[in-house]
Amino acid sequence: MCEPDPDPTRPADPTLYAYWCERSTYPLLRSGAPDTFERRSVPTATEAVRWFQADARAVAETMAPEARREALGRIDGGGRVRSIAALHRGRICGFSLGHGERWTEWTMRPYLAFAVPARHLLPVLPPGCCYCEAPHR
């Protein structure tokens with residue numbers, strides 16, 4: 001008998017999807033590149049939404065009480081199930097939050113992840129180990 005999949009939200013399709021998550025924080029008074037930028041890949045839509053919620057809750061804790069209550073209502077509201085479903089349908093999900101003099105945006109998007117057996121991976125050579133004697137940049 002097969003072990004049940006520990007994550008029931010993982011698609012049954014043999015094509016494996018992973019989820020790309022990004023967080024960008026911008027100053028409100030300047031335009032241009034974000035002050036901070038974080039990105040990661042997670043194997044399930046549930047983990048992507050869980051990462052976003054934990055990160056957004058941490059940002060909300062720095063807000064004034066009334067703004068925090070409103071932000072936490074949006075973060076912990078019924079959007080979790082809808083976000084997971086949208087990610088499984090191949091849609092991009094996002095959320096933004098203004099806090100103090102900053103603006104933070106989170107995005108999550110599915111992408112095809114190709115599983116490659118270890119025996120097919122190319123070895124990573126240490127610096128200075130090149131056969132051609134060319135300098136490394």
Side-chain angles (χ1 to χ4, degrees):
M1 186 160 174
C2 295
E3 288 269 332
D5 188 1
D7 182 357
T9 64
R10 182 180 290 274
D13 186 44
T15 306
L16 178 63
Y17 286 90
Y19 300 87
W20 187 251
C21 306
E22 296 178 349
R23 179 193 66 204
S24 307
T25 301
Y26 302 88
L28 286 177
L29 301 176
R30 293 189 333 249
S31 62
D35 280 353
T36 59
F37 185 76
E38 183 183 342
R39 58 184 173 242
R40 66 177 57 194
S41 176
V42 295
T44 66
T46 302
E47 279 185 64
V49 173
R50 198 175 291 144
W51 170 78
F52 145 71
Q53 285 182 314
D55 202 41
R57 276 190 209 105
V59 170
E61 289 302 317
T62 66
M63 300 169 76
E66 184 61 35
R68 179 183 327 126
R69 193 171 21 263
E70 182 181 338
L72 290 174
R74 289 179 53 210
I75 293 165
D76 295 326
R80 181 176 191 271
V81 172
R82 287 190 303 267
S83 297
I84 292 170
L87 288 168
H88 281 297
R89 288 192 307 271
R91 300 226 169 110
I92 297 171
C93 293
F95 186 80
S96 58
L97 185 61
H99 51 100
E101 298 296 317
R102 307 174 75 68
W103 182 261
T104 300
E105 296 176 352
W106 291 268
T107 58
M108 300 161 284
R109 68 188 78 223
Y111 71 93
L112 286 175
F114 299 97
V116 179
R119 68 179 183 272
H120 296 298
L121 295 175
L122 295 174
V124 177
L125 299 174
C129 187
C130 184
Y131 294 113
C132 66
E133 303 290 327
H136 293 283
R137 295 181 202 195

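Looking at heavy atoms from C-beta onward, Ile92 lies out of side-chain contact with Met108 at the 4.5 angstrom threshold. The closest side-chain heavy-atom distance from Phe52 to Arg23 is not below 4.5 Å. Contact of the Tyr19 side chain with the Leu87 side chain is registered, since non-hydrogen atoms from C-beta on lie closer than 4.5 Å. Counting heavy atoms from C-beta outward, Asp76 and Arg57 have side chains that approach closer than 4.5 Å. Two residues are said to be in side-chain contact when any heavy atoms from C-beta on lie closer than 4.5 Å; Met63 and Leu97 meet this criterion.
Taking all atoms of both residues into account, the shortest heavy-atom contact from Cys21 to Val42 is SG-CG2, 4.0 Å. When every heavy atom of Ala71 is checked against every heavy atom of Ala60, the shortest pair comes out as CB-CB, 4.2 Å. Residues Trp103 and Ser96 come closest through the heavy atom pair CZ2-OG, 3.2 Å. Contact detail for Trp106 and Ala56: the closest heavy-atom pair is CZ2-CA, 3.6 Å. Nearest heavy atoms, Glu61 versus Arg68: O-NE, 3.8 Å.
Under 4.0 Å is where a charged nitrogen must lie from a carboxylate oxygen, and between Glu22 and Arg39 no such pair does. Checked for salt-bridge contact, Arg69 and Glu66 meet the test: a charged N lies under 4.0 Å from a carboxylate O.
Using modelled atom types, one finds no donor on one side chain facing an acceptor on the other under 3.5 Å when comparing His99 with Thr62. With no hydrogens or angles considered, a side-chain donor-acceptor pair links Ser41 and Tyr111 at under 3.5 Å.
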Go through the steps to decide whether Val49 and Phe95 satisfy the test side chain to side chain contact (heavy atoms under 4.5 Å, CB included), and finish with yes or no.
CA-CA 11 Å; Val49 173; Phe95 186 80; over 6 Å; no

Open item on the list: Let's go through Ser24 and Thr104 carefully: what are the C-alpha distance in whole Å and the side-chain angles of both, what is the deciding distance for side chain to side chain contact (heavy atoms under 4.5 Å, CB included) to 0.1 Å, and is it a yes or a no?
Closed with: CA-CA 6 Å; Ser24 307; Thr104 300; over 6 Å; no

*Start with the C-alpha distance between Thr25 and Glu105, add both sets of side-chain angles, then the distance that settles side chain to side chain contact (heavy atoms under 4.5 Å, CB included), and finish with yes or no.*
CA-CA 6 Å; Thr25 301; Glu105 296 176 352; over 6 Å; no

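Remark: Glu70 CD is loosely packed, at most 12 non-hydrogen atoms of other residues, nucleotides or ligands lying under 6.0 Å away. For CZ of Arg91, the number of neighbouring non-hydrogen atoms (other residues, nucleotides, ligands) closer than 6.0 Å is 12 at most.
Taking CZ from Arg50 and CG from Asp55, the interatomic distance works out to 14.5 Å, rounded to the nearest 0.5 Å.
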